Number of protein chains: 2
Amino acid sequence: MTESDFIARLRTLPLHPGARGLADDVAVVGGLIVTSDTLVEGVHFLPGDPAADVAWKLVATNLSDLAAKGAAVEGVMLNYPLRDADWDAAFLDGLAAVLGAYDVALIGGDTVSLPAGAPRVLTLTAFGTAFGTAFGTEFGRDARAPARSGARVGDALWVTGTIGGAGAGLAIARAGTGDAALLARYRRPVPRLAEGRALAPLVHAMMDVSDGLLIDAARMAAASGVAVTVALDAVPLPAGVDDALAAATAGDDYELLFAAPPGFVPPVPATRVGAFAAGEGLALTRDGAAVPLPRQLGFQHGLSGMGCADPRA
Amino acid sequence: MTESDFIARLRTLPLHPGARGLADDVAVVGGLIVTSDTLVEGVHFLPGDPAADVAWKLVATNLSDLAAKGAAVEGVMLNYPLRDADWDAAFLDGLAAVLGAYDVALIGGDTVSLPAGAPRVLTLTAFGTAFGTAFGTEFGRDARAPARSGARVGDALWVTGTIGGAGAGLAIARAGTGDAALLARYRRPVPRLAEGRALAPLVHAMMDVSDGLLIDAARMAAASGVAVTVALDAVPLPAGVDDALAAATAGDDYELLFAAPPGFVPPVPATRVGAFAAGEGLALTRDGAAVPLPRQLGFQHGLSGMGCADPRA
């Protein structure tokens, strides 16, 4: 069963009012914003990736989902498979580092054993509070976290930071050599928590770029019922990356992608990379001229591993 | 690294105030009671167990943790590994059945792909509200859910329902033949939600019996800083089970185990099976005479799979 078939069937089950139709990266429960991501060894990280970096990435990717909702982090729960003492110890070092870096508390979790040789499957669930409010207040209980579905005709598409660094870093990790800063973009992504809190009250839609700028832009447009055009020449690239199309179809950047009205002046560093219009689908331009869509819009961790990802499929 | 070593190191990290020192089965976050359990194929369920029953068990075991805190269920999040279309479809059928049976809403989750042949690792996170209060209220925000650490000298130890049915059912599942009612106790455990809500305001300590009556009684005593004696002759056994020691060391019953003061009259069917006293550790009696402790106190899913479980090790 494909991921989209599975999720379509999940949508036939009784859904919580805060489930957002299973169409967002977070849910809103009792004044808390909740997100949960699972990383699988050999799918979401390389078996050779250092355990401390896997811990960092597990936490950072979840915090990135909270960042995209403008949430303050309340804490995280960890579901951890014990398998190898050295790896476990290194994982704990990385966990301590990332929790310390973002001032995040551990709430609880579960440890399990794995059959010998089984790939690790790690789950983290992150809890946040909307707009920095204390939970339980009337304000915090509202579902004010910006959804991915709020982009409107005429909005511009913006992205924080740079795009493509993590994709270049993945290639470096596979090759075993290369630029350390790009490798760090892949192994130790930085959740844009402060940027998210600054942007959340101002934007129409927001999500993080986890699977690639193009596929995530297409997902925002599809969820919002509008079309989007991305200007490849506008995509901000980090030092050492010069192929904008490769950058825009690589995953794991964890920058914030948002829709904002015309004339918007972002309160944090961000780059305007496209625009929304009536219609549907994704279009590309370079220096004002149309460019054909690539076969792969991004990095999809679903059933096909790294397959072709068409958000309308 | 053993589970206890790992958890000891987790305790050195910054803990959320609602983490309860990582010593309970639930955490309290923003007025919500949260618990998360992971099931591993080949560890927590048999590869041949029907997928629909695995879904049932995944939900029921988490609801059981909420039941032990007297919580009303708010909803669940699912982290699901896609691998085989038929299994996935059967899992969804079981998920629909268990969510319907307990009127539980789906909040969200994550789907991932697994490398070929990898054992399934399924995580569910369940959210509840204390004592049936609306979340966000002053009352709900308190950490009133009974902990496992509240047993006092002089308290009696009680258990709901019967013990040993799931252990007998596991043997039947392995043998492929046997009593259907006992098999159902293993494959479709019943979370004691109504009983938990009735008991929670009245008891000193409560937890569910997930790993075996003896090991869980010993854990409650250790967490409470007291000793406990279990009377094997008092252990309530289901029809078809007659070995009380085997029953009391088998896991997966998901009955509620609780400590209550002398003279307590339970509001729901329950059996008094022991007593707490000053000191530490677990002792067994049968018809008033001391009985040696068995080598295995229960079923431990930790590093050793089904190894000897000493709660003080």
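Values in this document were obtained by computation on a predicted structure and should not be read as measured data. To find a chain, count down the sequence lines: A is the first, B the second, and so on, and within it residues start at 1.
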What is the minimum heavy-atom distance between [X] and [Y], and which atoms define it?
X: M77(A); Y: V34(B); result: SD-CG1, 3.4 Å
X: V29(B); Y: L32(A); result: O-CD1, 3.5 Å
X: S36(A); Y: N79(B); result: OG-ND2, 3.0 Å
X: D110(A); Y: D37(B); result: OD2-CA, 3.4 Å
X: H16(A); Y: A105(B); result: N-CB, 3.5 Å
X: M1(B); Y: D88(A); result: CB-OD2, 3.8 Å

Does any heavy atom of chain B fall under 4.5 Å from the side chain of [X], the backbone, both, or neither of them?
X: T12(A); answer: neither
X: L22(A); answer: side chain
X: V26(A); answer: neither
X: L15(A); answer: both
X: L39(A); answer: neither
X: D65(A); answer: neither
X: I107(A); answer: both

*Name the member of D103(B), L10(B), L78(B), V104(B) that forms the most heavy-atom pairs with chain A at distances under 4.5 Å.*
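The candidate making the most pairs under 4.5 Å is L10(B).
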
*Looking at G18(B), A89(B), G42(B), which has the largest count of heavy-atom pairs under 4.5 Å with chain A?*
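Of G18(B), A89(B), G42(B), A89(B) has the most heavy-atom pairs under 4.5 Å with chain A.
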
*Would you mind telling me which of L92(A), V40(A), T125(A) has the largest number of heavy-atom pairs within less than 4.5 Å of chain B?*
L92(A)

*Using the ring of each side chain (for Trp, its six-membered ring), is F127(A) parallel, tilted or perpendicular to F127(B), with breaks at 30° and 60°?*
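Geometry flag for F127(B) against F127(A): tilted rings.
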
*asked:* Tell me which one of T111(B), V112(B), T123(B) satisfies side-chain contact (heavy atoms from CB on, under 4.5 Å) with T38(A).
replied: V112(B)

